[in-house]
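Start at 1 with the first residue, then count along the sequence. Note that the structure is a prediction, hence the values are computed from the model and not measured.
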Amino acid sequence: MTLSFAPPAIATPQDLDSTLRTQGYAVVRPQQVATLAGLDLAALLAWRPLWDDLPPDNYLRDGGRYRRRRHACFVVDGAAVTLAPHRPHWQPVEYNALHGGMQRHFEPMAAALVGQPAWQQLLAWLGQVSSALKGTHTWYTEAHQFRIDTTDGIGRPTPEGAHRDGVDLVAVFLVGREGVKGGETRVFDATGPNGQRFTLTEPWSLLLLDDPRVIHESTPIQPVADGGYRDTLVVTLRAGNFQGELAR
């Protein structure tokens with residue numbers, strides 16, 4: 001029997017800011033995501049096929065073949081969202097002991113996604129969430145499309161284990177999951193014993209993380225049908241600069 005713990009979602013959209021401030025994370029249901037971002041949920045759901053064409057992640061140090069991804073960078077300044085020149089993804093080893101300290105060159109996200117007004121509006125809304133939590137800034141934003149599959153028998157959404165990302169805000173959208181069990185999300189207080197565990201199951205449900213305050217991980221997925229996978233969109237926002245750049 002597979003246990004699935006329902007996520008502790010905010011009661012109303014108006015609760016988002018207070019929930020983030022109180023506990024350092026918040027779960028937002030799909031319709032609430034659409035309402036808060038000013039988007040039609042159907043438009044978000046229509047993006048799902050864009051996860052079917054992700055190249056393999058060739059940097060997995062555990063030797064796995066279970067992760068595919070694309071990556072893009074943006075500068076979010078109020079309502080203005082600008083696609084930044086394509087750049088490698090870099091994290092310090094302090095935040096990613098497995099893959100930190102190296103430049104990872106991933107294929108860019110498709111123009112069919114990042115060129116859409118709805119995409120820019122989604123990022124602008126995340127910038128508003130960040131500014132409400134941290135104060136008004138220009139947000140150096142990285143977006144990652146992930147597919148974790150069960151090619152190797154299991155797939156690891158976070159092979160580096162429980163971690164922080166070294167940014168101000170992390171947004172993890174579940175885009176879809178098919179033919180798998182597992183993939184439980186775990187969020188812990190970075191300085192204490194408190195934690196929560198739950199499983200995101202609804203497409204376009206969202207986990208928001210105040211990254212300095214919490215650490216997070218997702219447990220491995222296992223197949224319950226052929227071709228099982230879990231698709232996510234991870235967006236990180238950071239004031240000052242992209243990681244690996246000198247402060248601006």
Side-chain angles (χ1 to χ4, degrees), residues 1-9 25 27-31 33-34 41-72 89 96 98-99 104 106-110 112-113 122 143-163 165 170-188 195-209 215-236:
M1 180 176 66
T2 301
L3 297 177
S4 178
F5 298 87
Y25 73 94
V27 178
V28 190
R29 294 187 177 95
Q31 188 55 60
V33 170
L41 180 57
L44 298 175
L45 294 170
W47 290 347
R48 186 166 182 175
L50 296 171
W51 270 252
D52 292 336
D53 184 30
L54 303 184
D57 182 339
N58 295 316
Y59 292 91
L60 289 170
R61 282 183 164 166
D62 64 0
R65 300 171 297 159
Y66 52 81
R67 184 157 76 182
R68 294 175 172 271
R69 69 192 294 177
R70 290 184 183 272
H71 170 242
H89 178 52
N96 190 329
L98 186 60
H99 298 117
R104 290 181 282 168
F106 300 113
E107 291 296 316
M109 294 172 64
L113 178 56
L122 182 67
H144 307 259
Q145 289 175 277
F146 287 104
R147 170 164 289 183
I148 307 299
D149 64 33
T150 51
T151 297
D152 296 333
I154 63 170
R156 297 178 175 87
T158 53
E160 64 271 33
H163 66 285
D165 286 356
V170 178
V172 182
F173 296 90
L174 178 73
V175 176
R177 50 183 289 154
E178 295 288 344
V180 297
K181 62 181 180 179
E184 179 184 273
T185 297
R186 298 177 179 178
V187 182
F188 307 95
Q196 288 279 349
R197 51 190 288 214
F198 49 86
T199 305
L200 298 175
T201 58
E202 294 181 280
W204 288 97
S205 52
L206 166 63
L207 170 64
L208 286 167
L209 301 160
I215 58 177
H216 64 282
E217 66 177 340
S218 295
T219 63
I221 59 171
Q222 296 175 282
V224 297
D226 291 341
Y229 62 86
R230 178 179 183 263
D231 290 347
T232 55
L233 169 67
V234 177
V235 181
T236 65

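Closest of all the heavy-atom pairs between Leu44 and Trp204 is O-NE1, 3.0 Å. The two residues Arg230 and Ser218 come nearest to each other via the heavy atoms NH2-OG, 3.9 Å. Taking both residues in full, the closest heavy atoms of Thr219 and Gly182 are given as OG1-C, 4.2 Å, listed atom of the first, atom of the second, then distance. The shortest non-hydrogen separation linking Gly64 to Asp62 is N-OD1, 2.9 Å. The minimum heavy-atom distance between Phe146 and Leu54, with the atom names listed, is C-CD1, 3.8 Å. For Ile221 against Ile148, the heavy-atom pair with the smallest separation is CD1-O, 3.3 Å.
The shortest side-chain heavy-atom distance between Thr185 and Val172 does not fall under the 4.5 Å cut-off. At least one side-chain heavy atom of Arg177 sits under 4.5 Å from a side-chain heavy atom of Thr199. Within the 4.5 Å cutoff, no side-chain heavy atoms of Leu50 are placed close to those of Met109.
Arg69 CZ to Asn58 CG: the interatomic distance, rounded to the nearest 0.5 Å, is 11.0 Å. Taken from CG in Leu41 to CZ in Arg29, the straight-line distance is 13.5 Å, to the nearest 0.5 Å. The distance from atom NE2 of His89 to atom CZ of Arg104, rounded to the nearest 0.5 Å, is 4.5 Å. Within the model, atoms OG1 of Thr232 and CD of Gln145 stand 9.5 Å from one another, a figure rounded to the nearest 0.5 Å. One distance of note links NE2 of His144 with NE2 of His71; it measures 4.5 Å at 0.5 Å rounding.
Within the 3.5 Å criterion, the main-chain N or O of Leu60 finds no donor-acceptor partner in the side chain of Arg65. Under a 3.5 Å cut-off, the side chain of His216 and the backbone N or O of His163 do form a donor-acceptor pair. Counting only distance, with no hydrogens or angles, the side chain of Ser205 and the backbone of Leu200 share no donor-acceptor pair below 3.5 Å. Within the 3.5 Å criterion, the main-chain N or O of Gly176 finds no donor-acceptor partner in the side chain of Asp231.
More than 12 heavy atoms of other residues, nucleotides or ligands sit less than 6.0 Å from atom CG of Asp52.
For the pairing with Tyr66, the side chain to side chain contact (heavy atoms under 4.5 Å, CB included) check across Pro56, Pro159, Pro220 returns one residue only, Pro159.
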side-chain contact (heavy atoms from CB on, under 4.5 Å) evaluation trace for Trp47 with Val175: CA-CA 9 Å; Trp47 290 347; Val175 176; over 6 Å; no
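Evaluation of the side-chain contact (heavy atoms from CB on, under 4.5 Å) rule for Glu217 yields Thr158, Ala162, Arg186, Phe188 as partners, not counting sequence neighbours.
Aromatic ring orientation, Tyr59 versus Phe106: perpendicular (interplanar angle above 60°, classes split at 30° and 60°).
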